[in-house]
Amino acid sequence: MKLDLHVHIRRHYRLADIRRAVKAAGLDGIAITNFHNVTFAQYLRERIDDFLIIVGQEVESSAGHILAINIEEKIPDDLEPGETIRRIHAQGGAAILAHPYLGWNSILPHGRAQQLPFDAVEAFNYRAGPMLYPNFLAKIGLRNLPWPKVANTDSKELATIGLCYNEVSVKPAPLYTAKTTEEMIPAVLRCVRQGQIRRREERQRPNWNWFGANVSHFLFPQNYYRCFYCGDKIVFKICRRRYACVKCGRREARNMRCVRGHYVCSICRTKIAFETPEFLAYREQLERSSHVE
Ligand SMILES: [Zn+2]
Ligand SMILES: [Zn+2]
Ligand SMILES: [Zn+2]
């Protein structure tokens with residue numbers, strides 16, 4: 001099975017788009033590790049059966065980010081790393097040290113961290129890639145440490161899911177019902193804990209395509225955004241001006257407008273982005289279970 005074990009899924013993404021992205025990446029499963037929340041991953045697991053969904057969370061421990069893989073109850077943030085891992089294990093989950101060398105939100109795997117009972121460490125993190133040093137340091141610094149190593153994307157956009165992944169020798173299922181999911185996860189976790197993983201990160205070494213895409217995003221932002229009002233192209237100006245929002249009339253100083261002169265303010269843009277049937281249904285379900293977040 002091919003698995004990306006660190007994926008953030010935004011709450012307004014459409015189910016069809018999530019499905020398409022994971023299938024296009026050729027993955028058999030993902031662990032959904034949003035911050036501060038497991039209910040959205042549970043919501044998706046109930047509705048998606050064409051790949052394995054492992055419910056998880058990226059926990060902000062007092063010393064850095066820890067991935068909790070296969071949990072059902074939210075783990076509180078800001079606990080000591082040792083206590084965070086204890087709570088993950090108490091739920092039968094696996095604790096993975098996320099992006100160990102990513103400065104301010106990581107636990108450097110030296111000294112005390114070495115004594116912590118992590119199940120695995122993220123030796124490669126796609127999002128840390130552009131900075132070059134975290135993955136490079138991980139290559140060197142983790143060489144002699146005993147933890148099994150995984151490669152995850154830490155995707156926040158659907159397009160990057162699966163750009164690196166882990167292969168474990170568990171047979172994929174034709175359909176991931178609640179029953180098959182429950183049966184397969186222990187086998188997957190066993191592979192992770194025992195280090196029976198092939199990390200596939202070759203698609204993600206810094207390369208000219210990647211560099212070109214970043215430069216082009218910076219130089220030609222108009223190719224990447226569309227008007228939220230009419231769908232036409234956006235033009236970027238050098239100087240900011242105050243524009244009135246076509247939706248609510250609020251005025252904001254910005255340097256972009258669509259070619260027809262529409263401006264939609266940041267508040268209205270967020271509102272529109274979240275008006276998907278998926279988000280409204282999720283919201284309704286939360287309210288019904290009086291679990292509003
Ligand atoms: Zn993180
Ligand atoms: Zn993350
Ligand atoms: Zn507005």
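Every number for a ligand or one of its atoms is a count from 1 in the order of the listing.
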Taking atom types as modelled, is there a side-chain donor on T160 or S155 under 3.5 Å from an acceptor on the other?
->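 On atom types as modelled, these side chains qualify, holding a pair under 3.5 Å.
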Test item: side-chain donor near acceptor, T153 and D4, under 3.5 Å |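 The answer is yes; a qualifying pair exists.
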Between M1 and V188, is any pair of side-chain heavy atoms under 4.5 Å apart?
->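 The answer is yes; the side chains approach within 4.5 Å.
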Kindly indicate whether the side chain of T33, heavy atoms from C-beta on, has any atom under 4.5 Å from the side chain of Q57.
->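 When only atoms from C-beta onward are counted, Q57 and T33 do not touch, as no gap falls below 4.5 Å.
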With R11 as the cation and Y13 as the aromatic partner, state whether NZ or CZ is under 6.0 Å from the six-membered ring centre and within 45° of the axis.
->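 No; the conditions do not both hold, so R11 does not lie above the ring face of Y13.
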Do F279 and H12 have ring centroids that are under 6.0 Å from one another?
->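 No, ring centres 6.0 Å or more apart.
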Please work out which of the three classes, parallel, tilted or perpendicular, describes the rings of H99 and H6, given edges at 30° and 60°.
->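 Plane angle between 30° and 60°, so tilted.
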Around the Zn ion (ligand 2), what protein N, O or S atoms are found below 2.8 Å?
->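 The answer is H6 NE2, H8 NE2, E58 OE1, D154 OD1.
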Is a salt bridge present between K139 and E201, judged by a nitrogen-to-oxygen distance below 4.0 Å?
->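 The answer is yes: the pair qualifies as a salt bridge.
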Is the closest basic N to carboxylate O distance between R283 and E287 below 4.0 Å?
->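 Looking at R283 and E287, the cut-off is met.
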Excluding waters, which protein N, O or S atoms are within less than 2.8 Å of the Zn ion (ligand 3)?
->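 Short answer, with waters excluded from the count: C245 SG, C248 SG, C265 SG, C268 SG.
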